[in-house]
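Presented below is the structure to which this report refers.
First listed ligand is number 1; within each ligand, the first listed atom is number 1.
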Amino acid sequence: MDKVKFTEMKHGDREDYEFLTEHEIEYASKTAERLLAAMVDLDESLSGYQVTRLGHSLQAATRAWCDGADVDWVVSALLHDIGDIYAPYNHDEYAAAILKPFVREQCAWVVEKHGDFQKLYYAHHVGGNPHARDAYKGHAYYDDCATFCERWDQNSFDPDYAHEGIEFFRDMVEQVFARKAYDPAVIRAGERVDLTDPTLASERNT
Ligand SMILES: [Fe+2]
Ligand SMILES: [Fe+2]
């Protein structure tokens, strides 16, 4: 069998759907590879900045790494703008949807809201609301999103910052997307992990 027998889903039988499940497992196992390739496509996305979107993403992830952040944070920093390609008006939600099954709830939330938090830095120049983040005041991850934007996102447009290349992050991306989707041990609902770890940071910066 190399294709299902049905042309309408309602006519599929157990054999068809078992075959498709196998296929999906195989396809899903290559998610990390496809995401890394998509990151390279970001090199050609929206310019006007002094760095490409890929350069910006690599800077953000390198800063996370240098801060001693754990793998969930580093991969979230790397992919936080991946939505720019297909969802320019809700790129944050798009990226969060990709990450949600595989990283801590905290990281997915921060990626989902980072667009609103970033407005603090520029919205007043374009007639927007720089305080859009106020809508989330009191949320458990509010401070984490503020830190994410301040330390890793808003400052990662510097053509002189020496960042790691995409290959540096390959193993981390593979590790995260090889996890069991929505595993409660990964999602760790409600748990906060600091974005920075000074001990790890000093090890990584030597
Ligand atoms: Fe963004
Ligand atoms: Fe960004």
Side-chain angles (χ1 to χ4, degrees), residues 34-136 139 141-166 168-170 172-173 176-177 194-196:
R34 285 190 296 272
L35 289 171
L36 287 160
M39 290 305 296
V40 173
D41 288 344
L42 278 177
D43 218 6
E44 278 151 32
S45 71
L46 179 75
S47 198
Y49 293 95
Q50 296 195 45
V51 300
T52 63
R53 268 311 201 224
L54 174 62
H56 167 68
S57 304
L58 292 171
Q59 282 191 30
T62 301
R63 289 180 198 280
W65 172 259
C66 291
D67 270 348
D70 73 1
V71 67
D72 290 51
W73 277 128
V74 174
V75 170
S76 297
L78 182 70
L79 300 184
H80 79 281
D81 278 340
I82 197 167
D84 276 338
I85 304 177
Y86 298 119
Y89 298 103
N90 62 339
H91 78 288
D92 41 13
E93 293 175 322
Y94 184 111
I98 290 171
L99 288 162
K100 210 171 228 169
F102 300 106
V103 298
R104 209 161 41 250
E105 174 190 83
Q106 174 197 24
C107 301
W109 191 90
V110 163
V111 169
E112 184 179 305
K113 307 301 182 199
H114 85 270
D116 276 342
F117 278 66
Q118 281 288 102
K119 288 179 181 163
L120 183 69
Y121 304 106
Y122 72 92
H124 49 292
H125 296 302
V126 293
N129 176 15
H131 303 293
R133 59 172 65 188
D134 288 359
Y136 311 108
H139 192 282
Y141 306 139
Y142 179 97
D143 289 346
D144 303 319
C145 197
T147 304
F148 178 96
C149 291
E150 178 66 21
R151 293 189 67 82
W152 302 341
D153 196 2
Q154 62 83 25
N155 50 346
S156 290
F157 297 90
D158 177 0
D160 297 325
Y161 178 74
H163 58 76
E164 300 290 350
I166 190 86
F168 180 84
F169 300 104
R170 177 175 294 276
M172 289 181 254
V173 176
V176 163
F177 286 91
D194 274 350
L195 286 81
T196 61

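- Between Tyr142 and Phe117, the distance separating the two ring centers is shorter than 6.0 angstrom.
- Note on the Fe ion (ligand 2): protein N/O/S atoms under 2.8 Å are His56 NE2, His80 NE2, Asp81 OD2, Asp153 OD1.
- The ring pair (Phe, Tyr, Trp, His ring centres under 6.0 Å) search around His124 returns none, not counting sequence neighbours.
- The backbone N or O of Asp158 sits less than 3.5 Å from a side-chain atom of Gln59, completing a donor-acceptor pair.
- For the pair Lys119 and Asn129, the minimum side-chain heavy-atom distance is 4.5 Å or more.
- Figure legend: cation-pi geometry between Arg63 and Tyr161, with NZ or CZ positioned under 6.0 Å from the six-membered ring centre and within 45° of its axis.
- Below 30°, between 30° and 60°, or above 60°: for Phe148 and Trp152 the angle between ring planes is above 60°, a perpendicular geometry.
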